[in-house]
Number of protein chains: 2
Amino acid sequence: MGEEGLERVTMRRLAQELDTGPASLYVYVDNTAELHGAILDELLASVDFDPDVPPGRWRDRLVELLFSYAQVLSAHPSLARSVLLLRPSGPHYLRLIDSLLALLYAGGVPARQAAWGVDILLQMATATAAEQGARDQSVDAEGEHEALESALREASADAYPHIVRTGGELVSGAGPERFRWALQSLIDGIAMTPTPSTEAPDA
Amino acid sequence: MGEEGLERVTMRRLAQELDTGPASLYVYVDNTAELHGAILDELLASVDFDPDVPPGRWRDRLVELLFSYAQVLSAHPSLARSVLLLRPSGPHYLRLIDSLLALLYAGGVPARQAAWGVDILLQMATATAAEQGARDQSVDAEGEHEALESALREASADAYPHIVRTGGELVSGAGPERFRWALQSLIDGIAMTPTPSTEAPDA
DNA sequence: ACCTGAACACCGTTCAAGT
DNA sequence: ACCTGAACACCGTTCAAGT
């Protein structure tokens with residue numbers, strides 16, 4: 001049950017690791033997606049769920065928690081890719097959701113905004129981890145990224161005036177710095193943007 | 001060059017469509033990622049880039065533009081998955097970036113926030129499209145989603161107090177409604193959250 | 001010089017057969 | 001009843017050979 005650090009988790013690779021044929025894994029799991037979900041849940045046991053929230057620091061704790069979630073996932077890009085399409089449902093994943101909700105409530109965020117917010121915070125963290133992992137892993141992904149950067153640098157001012165005006169800012173900043181800011185932005189937005197179809201305040 | 005509506009775009013499938021072997025495609029393209037990027041760019045020709053921004057409606061136009069981008073991508077889940085890890089660099093993709101920047105500038109968003117914001121807005125829209133597409137396409141993905149929903153409903157109040165307190169809100173709302181709110185939240189956050197290492201205002 | 005058949009090295013999943 | 005070998009139906013990518 002306890003899996004070790006194997007890159008690119010695959011039915012066949014895992015079966016080989018276990019000295020058996022790939023068919024045997026289907027006794028424990030229905031498909032690859034479910035396998036990935038189960039492994040992720042195992043990995044999430046290692047993320048730090050410190051439950052006490054220093055008052056006034058709920059935003060920082062939220063960012064920290066999502067950072068450590070993304071860090072776990074970055075080390076396993078093939079899992080990150082699955083989780084992006086998948087939504088696991090293991091106990092540690094539920095605990096993560098519960099902790100995120102707790103922090104949003106500590107910040108006075110209304111229930112529906114907190115509920116919907118957790119979803120997109122996890123989406124952002126997962127997508128960032130998947131993208132980062134892909135770039136680390138494959139030379140092609142890195143190449144494509146450079147292709148975009150040079151296309152942005154060499155864009156013509158006639159065709160793309162706002163890109164040219166923006167200049168180096170489009171490629172400025174390191175990954176973690178941009179990720180931190182992205183999380184802060186999203187948290188701020190979640191906290192301040194009312195959800196639809198809330199009954200109007202009675203008058 | 002002009003590709004038609006083929007689901008699950010694959011080197012081999014595309015080659016067969018063109019009555020040739022898969023090796024032939026490598027004359028035009030270096031790898032699958034690049035192929036997907038090129039097809040996406042073609043598809044983006046159909047998104048509506050109306051350049052005039054009614055004053056005061058820049059947020060709505062931003063949401064509309066990202067909605068139509070996500071809609072194009074939802075119809076081609078295999079592309080959405082690639083683009084999530086990939087960042088294309090074709091002319092229509094650059095035009096989309098330019099249009100997003102234009103709208104953020106119309107709202108008075110500072111350059112670095114706009115630049116970094118475009119990146120995460122596209123990430124959110126792409127991830128949402130990929131997830132939606134996966135759910136439409138595969139029964140497994142739908143099943144996993146239901147597994148999470150029932151796990152959330154049946155969570156014990158002892159282990160997961162905040163999930164239980166949140167109740168139905170975690171699964172409330174239709175996809176497009178949640179997506180619209182998510183975009184609005186992110187836009188609000190981008191507009192109000194300062195980026196780091198901006199020089200302090202001189203005093 | 002340009003294209004491509006055939007091969008290599010992988011996948012996920014199923015199912016009949018074995019213990 | 002439980003497990004699994006072998007097969008099926010796919011992948012991406014390379015490269016020697018053909019025109």
Side-chain angles (χ1 to χ4, degrees), chain A residues 1-41 76-88 130-131 133-145 147, chain B residues 1-41 76-88 130-131 133-145 147:
Chain A
M1 291 281 183
E3 304 319 334
E4 301 307 308
L6 71 142
E7 215 56 2
R8 190 132 159 43
V9 180
T10 259
M11 286 291 195
R12 294 182 105 103
R13 273 219 234 283
L14 181 57
Q16 193 170 341
E17 210 79 3
L18 267 45
D19 277 315
T20 180
S24 307
L25 301 176
Y26 286 82
V27 178
Y28 307 103
V29 109
D30 273 349
N31 50 56
T32 306
E34 203 179 302
L35 174 68
H36 284 174
I39 295 175
L40 172 67
D41 206 79
H76 301 265
S78 68
L79 296 190
R81 282 193 291 274
S82 283
V83 171
L84 214 33
L85 312 174
L86 176 55
R87 305 286 113 136
E131 197 176 338
R135 200 131 63 217
D136 291 348
Q137 196 166 61
S138 121
V139 189
D140 291 343
E142 177 59 36
E144 292 282 313
H145 194 255
Chain B
M1 293 282 184
E3 304 319 334
E4 301 306 309
L6 71 142
E7 215 56 2
R8 189 129 160 45
V9 181
T10 258
M11 286 291 195
R12 294 183 105 102
R13 273 219 233 285
L14 181 57
Q16 193 170 341
E17 210 80 3
L18 268 44
D19 277 314
T20 181
S24 306
L25 301 176
Y26 286 80
V27 177
Y28 306 103
V29 109
D30 273 349
N31 50 54
T32 306
E34 202 178 303
L35 174 68
H36 284 173
I39 295 175
L40 171 67
D41 206 79
H76 302 265
S78 67
L79 295 191
R81 281 193 291 274
S82 283
V83 171
L84 214 34
L85 313 174
L86 175 56
R87 305 284 115 132
E131 199 177 337
R135 200 131 63 218
D136 291 347
Q137 196 166 60
S138 123
V139 191
D140 291 342
E142 177 58 36
E144 291 283 314
H145 194 256

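Excluded from the calculations below are hydrogen atoms, water molecules and symmetry mates; all remaining heavy atoms, backbone and side chain alike, are included. In what follows, chains are A, B, ... by sequence order, proteins preceding strands, each numbered from 1.
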Sequence neighbours left out, cut at 3.5 Å: what donor-acceptor pairs do the side chains of residues 19-26 of chain B make with other protein atoms?
residue, atom, partner, partner atom, Å
T20(B), OG1, S24(B), OG, 2.8
S24(B), OG, G21(B), O, 3.3

Set of salt bridge (charged side-chain N to carboxylate O under 4.0 Å, His left out) partners for R81(A), sequence neighbours left out: none
Which residues share a side-chain contact (heavy atoms from CB on, under 4.5 Å) with A33(A), sequence neighbours left out: N31(A), L86(A)
Dot-bracket summary - DNA chain D, pairs being Watson-Crick or G-U whose distances fall under 3.5 Å, with | when paired to another strand: ||.|||||...|||||.||
Opening and closing nucleotides of DNA chain D in contact with chain B, under 4.0 Å to non-hydrogen atoms: dC11(D) to dC15(D)
H36(B) backbone acceptor or donor facing H76(B) side chain under 3.5 Å: no
Salt bridge (charged side-chain N to carboxylate O under 4.0 Å, His left out) against E144(A), all qualifying residues, sequence neighbours excluded: none
Nearest-Å distance once atom P is located in both dA9(C) and dC10(D): 22 Å
Residues which pass side-chain contact (heavy atoms from CB on, under 4.5 Å) with Q16(A), listed by chain and number, not counting sequence neighbours: none
Non-neighbouring partners of D136(B) that pass side chain to side chain donor-acceptor pair (under 3.5 Å), sequence neighbours left out: Q132(B)
Rounded distance [0.5 Å steps], NE2 in H145(B) versus CZ in R135(B): 4.0 Å
